[in-house]
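In each ligand, atom 1 is the first atom listed, and ligand 1 is the first ligand listed. Heads up: numbering here begins at 1 and tracks the sequence. The figures here come from the full heavy-atom set of this structure, side chains too, leaving out hydrogens, waters and symmetry mates.
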Amino acid sequence: MKHLCVFISHLLVVFNLCTMITFVEGRKFHSNCKKHHKGYGDSCTSTTNYNIMSFGAKANGISDDSKKLVAAWKAACKVRGGVVLIPSGHKFMIKPVTLQGPCMGHVTLQIDGTLLAPSKIGSWSKSNLYQWVNFKWANNLTIQGSGTVDGQGYNWWNPIKSKHISDIKPTAMRFYASEDVTVRDITIKDSPQVHLKFDNSRGIIVNNINILAPGNSPNTDGIHLQNSRDVEIMHSNIGTGDDCVSIQTGCSNVHIHHITCGPGHGISLGGLGKDKSIACVSDILVENSNIQNTLYGARIKTWQGGIGLVKNVTFSNIQVENVNFPIVINQYYCDKSLCQNQTGSVAIKGVKFDRIIGTYSTQPIHLACSNDIPCTDIDLSDIQLKPSGPLGGSQLQHDLCWNSYGNTKGPLVPSSINYCLKKGRDGSVNQITSSSNELC
Ligand SMILES: *[C@@H]1O[C@H](CO)[C@@H](O)[C@H](O)[C@H]1NC(C)=O
Ligand SMILES: *[C@@H]1O[C@H](CO)[C@@H](O)[C@H](O)[C@H]1NC(C)=O
Ligand SMILES: *[C@@H]1O[C@H](CO)[C@@H](O)[C@H](O)[C@H]1NC(C)=O
């Protein structure tokens, strides 16, 4: 192997490229590529495989294989180009684990088989209910494969079974303080709660994945982003019981495109500003996507009493089908039946809804901006929304437009959207939004 590598390296040195794949089992061998190609740096891509089977995994879907997964991760993390292999045709029962970096180099988690969470709530350790598979400080990580990450969350969704355990329900896969992470091709299903969460992370790519849970499973967000930036989510299919993608405070430069969303609650920013907290979200682009059979489509929601600023958000070219409320800004968000109005609000400035086309089942547009701070620079262009049921269905509501300033541009259907926005804005709003801007 060694000689082969040296030989190949001589052949390829001209191209400054060496791709060597060594298939090794367990910890016995290391790639020699780094040693032999010192000086060629990143152009030398070498991978070393660590198959979970070589670490003694039982792979029967019942025995606890968590320690085997952690051992394979640690081994892969110690080399450059380590690959953790979860082979196809096998099921691995994994209890909550933390796969921690930083690692020597790029790590790949190749999931071709199935990872199963404990199905009985009682077999989760009560000291760690926040997440199931937790990646921490994992930089330069790719998760890929034809396999499935199955949270088996149905017992958690049952309020009677989960009540006496805790209010906290685990997120299936969570990334904390991780940079340059790609998740692609896999299926993530039936999480107890959120499926895929990025927290304090940046440089995230999610591509060609499936996220699936029943439409009536509570709080099962597809992808949840908080305090994260430089995120691209694309070519994926997300259908759950809550938001397909949820963007929380501290997020900026998020690009979502070619997503199919539904069932669920659409693509949402917020709820922001809960308990008078600061919220800052900026530079969000959601485009070229389909949202079907959901409660909401493109939505921004904030609580009364918060502070901060949401700015530069675009929803463009979104095909909606049978969505109750396709376009929503709700600054009176409340998860109980009634919340008191309070002074102060997260300001909203620069939101564009462009080419939102299709059918709605309750109300075409709902812009409920705060009494104190109006929404400004709202753009509504090419909105074409028709009722999905028979015309004049009894549950249909007229548009609601409250305290929003900006511009409209046709075609607009229903034509009442022409009168949704107030023109211009007053100086006091500029003052408020610039002070919010300073906070953020
Ligand atoms: C990831 O790897 C690339 C290429 O080696 C490197 O440039 C980048 O700094 C790494 N990112 C992190 C967060 O370590
Ligand atoms: C608005 O956000 C988009 C990306 O979401 C970005 O490309 C653009 O530069 C931002 N515009 C401003 C004025 O910051
Ligand atoms: C809060 O303000 C809105 C808008 O003015 C109003 O419609 C709503 O009834 C108020 N809610 C309460 C609880 O006072």
Would one find an N or O of Tyr332, backbone or side chain, under 3.5 Å from an N or O of ligand 3?
-> no
Between Ser191 and Val194, is there a donor-acceptor pair closer than 3.5 Å when you use the side chain of the first and the backbone of the second?
-> yes
For ligand 2, protein residues within the heavy-atom limit of under 4.0 Å are Asp283, Ile284, Leu285, Asn312
Backbone N or O of Tyr332 within a donor-acceptor pair of the Asn330 side chain at under 3.5 Å?
-> yes
Can you name the ring pair (Phe, Tyr, Trp, His ring centres under 6.0 Å) partners of Phe175, sequence neighbours left out?
-> Phe135, Phe198
Ser178 OG to Ile204 CD1 distance, which is reported to the nearest 0.5 Å | 7.0 Å
Should Ala368 be listed as contacting ligand 3, given a heavy-atom distance under 4.0 Å as the test?
-> no
Lys409 with Asp354: basic N within carboxylate O range, under 4.0 Å | no
Would you say ligand 3 has an N or O under 3.5 Å from any N or O of Gln340?
-> no
Listed partners of Gln248 passing side chain to side chain contact (heavy atoms under 4.5 Å, CB included), at least two apart | His224, Gln226, Ser246, Leu272
Return a yes/no value for Asp180: is any of its N or O atoms, backbone included, closer than 3.5 angstrom to an N or O of ligand 1?
-> yes
Element-labelled atoms of ligand 3 that are located less than 4.0 Å from some non-hydrogen atom of Cys339 | 13 (C)
If we only count N/O pairs under 3.5 Å, is Asn140 in contact with ligand 1?
-> yes
Set of salt bridge (charged side-chain N to carboxylate O under 4.0 Å, His left out) partners for Asp199, sequence neighbours left out = Arg174
Any chance OH of Tyr176 has more than 12 other-residue heavy atoms, nucleotides or ligands included, within less than 6.0 Å?
-> no
Interfacing atoms of ligand 3 (cut-off 4.0 Å, heavy-atom, Asn341) | 1 (C), 2 (O), 3 (C), 8 (C), 10 (C), 11 (N), 12 (C), 14 (O)
Are any side-chain N or O atoms of Asn208 and backbone N or O atoms of Asp185, one a donor and one an acceptor, separated by less than 3.5 Å?
-> no
